[in-house]
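Scroll down for the structure; my scribbles are underneath it.
Model, not experiment: these values are computed from the prediction. Residue numbering restarts at 1 for every chain, and letters A, B, ... go by the order of the sequence lines. In what follows, every heavy atom counts, from backbone to side chain, and hydrogens, waters and symmetry copies are set aside.
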Amino acid sequence: MRYIPHTDDDVRQMLATIGVDSVTDLFVEVPEAVRLDRPLELPEPMSESQVLAEMKRLAAQNATTETHTIFLGGGAYNHFIPTVIDQLISRSEFYTAYTPYQPEISQGTLQAIYEYQTLICQLTGMDVSNASMYDGASACAEAVLMAARATRRKKMLLAASLHPEYRETVATYCRHLDIELLDLPYLPSGRIDQAALATLLDTETAAVVAGYPNFFGVIEELAPLAAAAHQVGALLVTAVAEPVALGQIKSPGELGADIVVGEGQSFGMPVSYGGPGVGFFAARQKTVRSMPGRLVGATRDKDGRTGYVLTLATREQHIRREKATSNICSNQGLCVLMATIYLSLLGRRGLREVAAQNLAKAEYAKQAIGALPGFSIPFSGPTFNEFVVEVPGDIDVLLLKLEQQQILAGLPLKRYDATMEQRLLICVTEQNSREQIDILVEALKGAAA
Amino acid sequence: MRYIPHTDDDVRQMLATIGVDSVTDLFVEVPEAVRLDRPLELPEPMSESQVLAEMKRLAAQNATTETHTIFLGGGAYNHFIPTVIDQLISRSEFYTAYTPYQPEISQGTLQAIYEYQTLICQLTGMDVSNASMYDGASACAEAVLMAARATRRKKMLLAASLHPEYRETVATYCRHLDIELLDLPYLPSGRIDQAALATLLDTETAAVVAGYPNFFGVIEELAPLAAAAHQVGALLVTAVAEPVALGQIKSPGELGADIVVGEGQSFGMPVSYGGPGVGFFAARQKTVRSMPGRLVGATRDKDGRTGYVLTLATREQHIRREKATSNICSNQGLCVLMATIYLSLLGRRGLREVAAQNLAKAEYAKQAIGALPGFSIPFSGPTFNEFVVEVPGDIDVLLLKLEQQQILAGLPLKRYDATMEQRLLICVTEQNSREQIDILVEALKGAAA
Amino acid sequence: LREKLIFEHSVAGRQGYSLPALDVPAVELPEALNREDIVGFPEVSEVDVVRHFTRLSTWNYGLDSGFYPLGSCTMKYNPKVNEAAARLPGMSGCHPHTPEHLSQGALGLMFELQQALAEISGFDAVTLQPAAGAHGELAGVQMIRAWHQAQGRSRKKILIPDTAHGTNPATAALCGYQVVPIASGESGILSAATVAEYMDDDVAALMVTNPNTLGLFESNIRTICDIVHQGGGLVYCDGANLNALMGIARPGDLGMDVMHFNLHKTFSTPHGGGGPGAGPVGVTEKLIPFLPKPLVVSDAGQYRLNFDRPQSIGRMRSFYGNFGIMLRAWAYILTMGGAGLKHASEMAVLNANYIRARLEDTYHLPYPNRSLHEVVFSDKQLAGDCHTLDLAKRLIDYGYHPPTIYFPLVVHGAIMIEPTETESKEVLDEFCDAMLAIAREADSHPELLLQAPGLTAVGRLDETAAARKPQLCYKPAE
Amino acid sequence: LREKLIFEHSVAGRQGYSLPALDVPAVELPEALNREDIVGFPEVSEVDVVRHFTRLSTWNYGLDSGFYPLGSCTMKYNPKVNEAAARLPGMSGCHPHTPEHLSQGALGLMFELQQALAEISGFDAVTLQPAAGAHGELAGVQMIRAWHQAQGRSRKKILIPDTAHGTNPATAALCGYQVVPIASGESGILSAATVAEYMDDDVAALMVTNPNTLGLFESNIRTICDIVHQGGGLVYCDGANLNALMGIARPGDLGMDVMHFNLHKTFSTPHGGGGPGAGPVGVTEKLIPFLPKPLVVSDAGQYRLNFDRPQSIGRMRSFYGNFGIMLRAWAYILTMGGAGLKHASEMAVLNANYIRARLEDTYHLPYPNRSLHEVVFSDKQLAGDCHTLDLAKRLIDYGYHPPTIYFPLVVHGAIMIEPTETESKEVLDEFCDAMLAIAREADSHPELLLQAPGLTAVGRLDETAAARKPQLCYKPAE
């Protein structure tokens with residue numbers, strides 16, 4: 001066994017030192033009655049070449065951008081991933097280490113997290129960021145819980161235009177905590193209905209939760225939402241499923257958000273069938289001690305050298321156990337590193353340029369598809385890199401026709417909302433060339449004819 | 001430009017420090033008359049994603065084991081490459097370093113070469129190995145030159161069964177050095193004709209050069225060759241194009257070889273359209289000072305700690321210039337590392353098991369193909385993992401038929417020898433399953449019918 | 001040699017990226033939305049980035065650097081072939097909204113992994129959705145609560161022994177439960193009598209780790225499960241220590257009702273400096289209706305996602321979980337096979353017992369029972385002013401990552417060593433030699449411990465100052 | 001902390017590999033051929049191998065670790081995208097005997113690279129076959145000799161200036177030529193008069209490096225080429241320093257007849273700890289018939305290998321050269337484009353001149369002309385007993401790879417610094433600050449230099465002992 005170094009001789013010597021006769025004797029405390037009396041029924045062990053061959057066999061059954069032209073977004077985005085990222089995260093000092101419990105031999109991880117926290121603050125316009133959470137949806141749920149803690153209120157207004165999987169996750173987390181979740185409807189623009197908001201908001205309201213851009217790709221107007229929420233002492237929570245947008249749209253912090261969460265997969269992580277990605281979570285300085293998740297802070301050693309440590313651990317469950325701010329006891333370390341490298345490479349100008357390309361290409365596609373006979377764009381609000389299209393005829397037939405041309409045209413929304421059976425969410429990123437978009441437009445036209 | 005860090009401001013400041021007005025002024029010593037007065041005509045610069053896309057476009061035009069079932073050998077071999085190798089050689093401390101001129105910060109490279117030298121000695125049964133050369137063919141040429149230096153003789157007997165590209169390379173190197181190259185014919189067994197050898201050998205003969213296994217996959221009997229050569233004071237040079245064989249066949253050193261060279265690509269390197277691989281070169285202790293190439297030796301620092309250095313540099317061209325043992329001033333560093341990792345992973349038992357599988361699978365294929373109507377095995381000698389087949393009918397038509405079944409059945413030998421127009425060199429490694437072999441046999445049968 | 005922050009490397013105008021030229025007309029956002037700048041973001045070249053993170057990496061200690069016996073974390077070797085598999089374009093490049101018939105490879109892998117985990121653990125069904133162990137706990141306790149609700153009960157308490165992971169009480173609280181701590185007692189394991197004493201009809205569940213955080217097998221677990229079940233409760237198993245039991249005993253067979261797995265512990269996926277991991281959850285028959293949705297199912301040879309699960313607790317996160325981690329775990333299971341997994345558990349237990357045997361004369365062993373895959377010492381016999389922390393820091397000087405310290409809380413100055421099966425006798429011997437040498441140093445040269453570590457980029461850091469005036473974000477000097 | 005040799009990690013029975021079960025009958029070789037054992041080979045686990053080589057790597061210094069100003073080696077940044085491209089299965093997995101119509105990607109890439117190198121250098125044709133610079137030299141001088149032979153001449157001498165790389169005379173000798181050294185004189189560059197003086201009808205060629213190893217452009221090169229040509233000789237250009245001239249001046253236009261390229265210098269492919277590199281050779285029209293075979297040609301949109309080259313010097317090695325390296329160079333050229341390559345040369349020259357300007361008051365500059373991409377100082381002004389070697393070792397303590405030292409031979413105690421274009425002003429400033437600090441230390445604390453390096457795995461090693469009693473192969477202690 002190439003991962004287990006023990007030779008028969010090693011085992012003999014070690015048993016002798018321990019003073020037992022056999023390996024079985026090491027398990028004396030496991031009562032005979034509960035021992036498994038048969039071998040595990042699993043596939044026979046494979047050699048390395050067989051494992052790789054099996055994995056390639058499975059991989060060949062999946063459609064990807066290498067086999068199809070893809071316009072899928074809806075929470076996971078195909079952006080270009082600079083090669084440098086994989087080279088660096090493949091350094092075993094990073095990926096085979098664990099949580100930096102011993103800061104003296106974990107400064108690499110710790111400094112990278114500190115840089116990540118800073119980048120997230122700069123990007124979102126907030127004061128403090130945690131060291132990351134599982135994903136955007138669970139970060140959103142944690143934000144709702146934090147809003148409840150911070151305001152000591154139990155009523156939440158969730159935008160109906162928020163990503164439905166974020167909404168469902170919030171619901172799961174709040175299920176047993178007497179938190180009331182109310183829907184905040186949207187207008188024909190695809191934006192939150194501010195009149196409805198005014199009616200729903202009251203001094204019981206803990207938070208307003210809005211996507212930015214929202215699930216339909218529409219860019220919400222945050223400032224009035226923040227103003228309305230703040231007037232009744234509620235918080236504005238902003239969830240950003242596509243943070244590349246923040247390269248072109250104003251930061252939630254600048255517009256008054258109190259907690260900004262989101263999904264960082266767009267920052268250098270492959271779509272990987274939905275995971276792993278990274279949830280980011282940022283808030284205002286005053287609420288730092290009620291934030292969930294890990295935090296890294298700067299400090300000094302006895303010789304005055306700057307170093308980084310996990311800090312404010314008193315919020316964590318290994319000290320306060322049931323009184324902790326959350327039950328999370330890890331972060332998405334390696335994904336944090338990927339995002340940090342991605343944002344460092346792109347930097348101040350690059351992220352804006354990537355965002356500008358996404359914006360322009362999606363707009364080009366939206367105009368062209370909107371002009372096709374039988375197609376329309378139901379939401380009038382400004383969009384970033386995805387948009388909803390109302391298609392004519394049977395949507396499944398349409399999509400199958402496009403699949404036959406190796407095109408995955410978009411995400412049908414009926415899975416999330418039965419009233420949207422003619423609607424498709426189409427995403428266009430910098431990875432889609434004009435030629436690809438033109439082909440999509442032609443294919444849609446042909447399929448609908 | 002992402003690889004060039006200079007901002008306009010940097011350039012201005014640096015020019016000011018230098019005391020010139022413009023970058024052009026730095027080139028004052030390049031006369032105007034010889035300056036290029038137009039831009040270089042090359043493709044427009046590409047972004048990283050475009051470069052990768054272009055490379056994928058090209059890669060998709062090449063047949064590989066992912067698209068075809070391949071039975072090609074003839075100097076390059078498809079063996080399984082453990083994933084660990086690429087992980088380790090991708091560490092930038094290894095692949096972005098240069099020749100270990102400064103031993104104190106190059107112990108990683110130096111110790112790995114020392115281990116490689118030791119592994120090559122153990123594998124070939126020789127006393128000393130150099131730090132590697134370009135490839136098997138050029139190592140073979142250097143061996144011939146060394147034999148000439150060592151014996152002060154100019155006549156070489158090159159086996160006609162030696163890999164033809166090795167023979168051609170030897171010819172190029174010897175071209176202007178008055179070295180006479182004579183052919184040593186082979187018998188119907190595919191082995192060297194010892195009677196002919198006896199006639200050709202004389203006291204003018206510097207060396208006998210034999211493949212082991214030879215180009216036809218046949219395993220030569222080295223001991224009588226060594227005895228005959230030594231009797232007239234000549235050396236036996238053994239060239240091993242497929243060193244995996246040494247896991248199952250006796251080492252050349254044990255059988256009396258004086259210089260053993262070969263190609264190390266089989267040890268963990270991809271076939272990569274023929275390069276880079278690594279030439280290994282091993283010899284007897286007494287000739288160490290006339291060996292070409294670099295050598296690494298063990299020594300100590302002032303505190304008695306063991307360390308490794310480039311040594312016996314007095315044989316090299318940067319000290320003795322035109323009197324150096326060769327003009328080589330590098331080795332195949334990273335390929336040496338790959339071979340060292342490969343041989344460490346496989347080790348004492350693993351290399352023998354891999355070799356046993358190659359032997360068994362090739363024999364299985366040879367028996368089955370030899371039994372097909374119209375096909376025959378022209379050479380009767382024992383073979384390792386490749387063998388020659390005489391095929392019926394038009395060989396090009398046959399091969400095309402197999403290509404249509406995504407099979408590359410072997411290397412047609414007529415490219416090297418017009419008299420072999422019906423002959424195919426078929427290679428079977430541990431990467432070819434019995435199922436693949438059975439399909440090949442059926443396909444050959446079908447195509448010839 | 002300090003490495004500057006990436007922000008300190010920034011020079012205006014420098015760039016580390018390239019984009020193809022924009023091939024469609026540019027678009028301007030309305031001014032109210034348009035962002036002009038990302039103040040503070042770095043401007044660096046690709047070379048800067050590569051050197052910066054390469055240098056940072058050299059201040060980290062990973063499994064590939066040496067022995068990493070962090071107790072409770074199962075720092076076993078992370079196979080390289082799994083990394084290669086995860087990077088196959090057909091795997092990493094598959095979008096989660098890809099139609100099911102075009103993602104059969106991903107779905108099939110997940111289905112097979114669900115089945116395999118069920119077989120290894122003895123549970124009836126497994127969800128792969130949770131992103132980490134604590135996330136799996138949350139899903140598990142949610143299911144417990146949903147089950148009680150479906151029965152029309154609303155019990156309020158969860159029993160948790162003092163040897164539990166800190167996440168257990170935190171999770172229970174997050175699900176609205178009141179936590180009732182139980183003492184494990186002198187033997188270090190739960191007694192049936194104690195559990196019976198606490199069990200009443202307001203108890204929803206017992207949460208137990210087995211083997212527990214002292215490395216001890218809960219020998220009374222069958223009886224305890226019976227007691228809880230008879231009282232109308234359920235038993236949650238924290239599966240963090242499954243590496244001791246594969247092929248030996250199955251939590252499902254022991255009477256547990258729910259368990260989370262840590263793929264990044266037992267199934268060799270890399271820890272990544274703190275994540276990503278994955279925390280699948282196995283359940284017995286009665287809890288299947290409550291599993292999070294969607295679930296991967298097999299229908300006539302086609303794999304699909306089942307969203308139609310009316311009693312489900314709902315969704316724990318977006319999409320289907322950390323697929324990239326599942327994939328590595330599946331590669332590991334394929335490599336090992338059933339016999340290989342059992343062998344792994346056996347050798348993990350052998351290794352821990354070997355360390356125990358070599359150190360027990362020198363280091364105080366607070367619990368005398370035979371331990372399994374990890375062993376917990378205390379610093380009681382350490383000389384002079386030296387404590388567990390000092391020992392840990394001194395181990396760094398010897399070239400090791402320290403064990404887990406000050407956990408479990410029931411042991412004063414705990415030193416929790418989990419070697420895993422991937423370490424050889426030679427590695428263990430050298431480590432034990434170092435531990436013994438440090439014990440002697442504590443006596444003869446305590447300053448060597450008290451001032452350790454000495455060879456690292458930074459010395460012991462002032463954590464109090466860090467917490468008192470938190471600096472969590474870089475701000476350039478004005 | 002010493003890392004044992006891999007052989008010292010060996011334990012009988014341990015294994016680091018796995019094979020599928022043999023699916024055909026096993027075969028026994030005749031006893032006369034059969035090998036029973038590979039005595040001495042290690043037996044280690046995969047974990048052992050990974051840790052061993054990971055640890056070894058940490059004792060190396062690479063470009064990604066920091067500044068690596070090794071003169072004459074052009075240690076520019078090695079782009080990561082090129083590494084990814086080289087690992088595409090369609091590239092690395094293509095067998096060299098694949099039929100031409102099934103390897104059009106590989107052949108096409110090689111053809112395009114031949115064309116691009118011809119355009120950059122101003123030559124009429126390029127072969128990609130040689131495996132390294134010195135191998136390219138060998139091909140080049142062989143072609144010179146073949147050309148003379150084809151003219152019915154057999155000239156015997158080659159002129160080589162004292163600023164040449166050591167491989168130049170070695171190569172000439174290997175081709176059966178007698179080497180005639182020429183002094184470059186006080187200015188550091190060849191004068192036309194000197195060449196004219198040596199030129200006679202037994203001179204086959206002049207071998208020259210341009211810019212030469214002092215970093216100086218051979219300003220008289222056009223006239224010199226004319227003189228050699230008029231005398232019936234050819235001019236060989238060592239292309240090691242092409243990084244100074246891309247888009248600025250083309251060796252082919254300067255009158256040279258043959259030149260090798262170092263793809264691992266000018267075209268950013270990694271140096272790999274000593275290789276593999278690649279040494280293509282460009283020639284003018286008249287030498288085309290003599291190029292090594294095969295050559296990649298384009299026929300009606302199909303690429304193929306032309307073996308039918310009767311005047312060719314033959315084959316330099318097996319197959320078609322180091323394809324994996326060519327591929328990286330092509331990716332680099334695609335990234336940079338023509339303007340980018342010129343910009344690279346300009347910034348490389350700017351960087352070298354900046355270092356020169358910052359250090360010339362402190363370090364002795366033996367040649368006063370304006371240098372191009374590298375600058376050569378001597379240790380003449382270094383205080384006390386400190387010499388170039390001591391300076392080099394002290395630079396290691398400052399975190400740098402030292403420059404090339406004691407080369408070129410015409411400068412006593414030479415310190416040859418080539419920064420390349422991929423280094424930023426900040427890096428150069430910090431390096432110059434270190435150089436200036438060391439110059440002060442040489443005066444105030446010479447022992448800091450004489451005892452350097454201090455922070456490395458080993459101190460200065462006894463190279464004399466190593467050469468006197470060479471130990472080139474590990475033998476286990478009896």
Side chain to side chain contact (heavy atoms under 4.5 Å, CB included) between B/Q102 and D/K393, intermediate numbers included: CA-CA 8 Å; B/Q102 297 288 343; D/K393 300 302 182 194; 2.7 Å; yes

Quick one: do [X] and [Y] make a salt bridge, cutoff under 4.0 Å?
X	Y	value
D/D23	B/K361	yes
D/R460	B/D301	no
B/E165	D/R315	yes
D/D37	B/R352	yes
D/R317	B/D135	yes

Straight-line distance of [X] [atom1] to [Y] [atom2], nearest 0.5 Å:
X	Y	atom1	atom2	answer
B/Y101	D/C73	OH	SG	5.5 Å
B/L346	D/Y17	CG	OH	7.0 Å
B/S330	D/H135	OG	NE2	10.0 Å
D/R35	B/L351	CZ	CG	8.5 Å
B/S90	D/E83	OG	CD	7.0 Å
B/L312	D/E463	CG	CD	11.5 Å

Check each atom of [X] against the heavy atoms of chain B and say whether the ones under 4.5 Å are side chain, backbone, both or neither.
X	result
D/A116	both
D/R356	neither
D/L216	neither
D/Y68	side chain
D/P292	neither
D/M336	both
D/I248	both
D/A339	neither
D/L22	both
D/P89	both
D/A392	side chain
D/L88	side chain
D/L334	both
D/Y354	both

Which answer fits [X], side chain, backbone, both or neither, if we ask what part of it has an atom under 4.5 Å from a heavy atom of chain D?
X	result
B/A298	both
B/P39	backbone
B/V336	neither
B/E104	both
B/R57	neither
B/V34	both

Candidate pair D/N78 and B/T96, rule side chain to side chain donor-acceptor pair (under 3.5 Å), full reasoning: CA-CA 7 Å; D/N78 306 135; B/T96 73; 4.8 Å; no

Using every non-hydrogen atom in the two residues, find where [X] and [Y] come nearest and quote the distance to one decimal.
X	Y	result
B/V51	D/A331	CG1-CB, 3.9 Å
D/A84	B/L52	CB-CD2, 4.4 Å
D/A134	B/N327	O-ND2, 2.8 Å
B/L343	D/P42	O-CG, 4.5 Å
D/L472	B/T311	CD2-CG2, 3.7 Å
D/S219	B/P31	O-CG, 3.7 Å

Verdict with supporting geometry, D/L138 and B/Y173, side chain to side chain contact (heavy atoms under 4.5 Å, CB included): CA-CA 9 Å; D/L138 182 60; B/Y173 272 69; 3.5 Å; yes

With a 4.5 Å cut-off on heavy-atom pairs, point out which of [options] contacts chain D the most.
options	result
B/T99, B/T64, B/I105	B/I105
B/G307, B/G297, B/S344	B/S344
B/Q357, B/Q122, B/Q332, B/E168	B/Q122
B/M46, B/E263, B/H68, B/K302	B/M46

Audit row: D/T54, B/R91, side chain to side chain contact (heavy atoms under 4.5 Å, CB included) steps and yes/no: CA-CA 8 Å; D/T54 299; B/R91 289 185 61 82; 4.0 Å; yes

Test ring-ring contact (aromatic ring centres under 6.0 Å, His included) applied to B/F27 - qualifying residues, sequence neighbours left out: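 None.
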
Test ring-ring contact (aromatic ring centres under 6.0 Å, His included) applied to B/Y273 - qualifying residues, sequence neighbours left out: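 Scan of B/Y273 (ring-ring contact (aromatic ring centres under 6.0 Å, His included), adjacent residues dropped) gives D/Y320, D/F323.
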
Geometric class of the D/H271/B/Y98 ring pair [parallel <30°, tilted 30-60°, perpendicular >60°]: perpendicular

Would a distance-only check, ignoring hydrogens and angles, find a side-chain to backbone donor-acceptor pair under 3.5 Å from [X] to [Y]?
X	Y	answer
D/H95	B/V271	no
B/S272	D/S92	no
B/N62	D/C94	no

Just checking, is any N or O donor in the side chain of [X] or [Y] under 3.5 Å from an acceptor N or O on the other one?
X	Y	result
B/E115	D/H52	yes
B/Y3	D/E421	no
D/D462	B/T299	no
B/H6	D/N351	yes

Audit row: B/L58, D/M91, side chain to side chain contact (heavy atoms under 4.5 Å, CB included) steps and yes/no: CA-CA 8 Å; B/L58 291 171; D/M91 291 295 192; 3.6 Å; yes

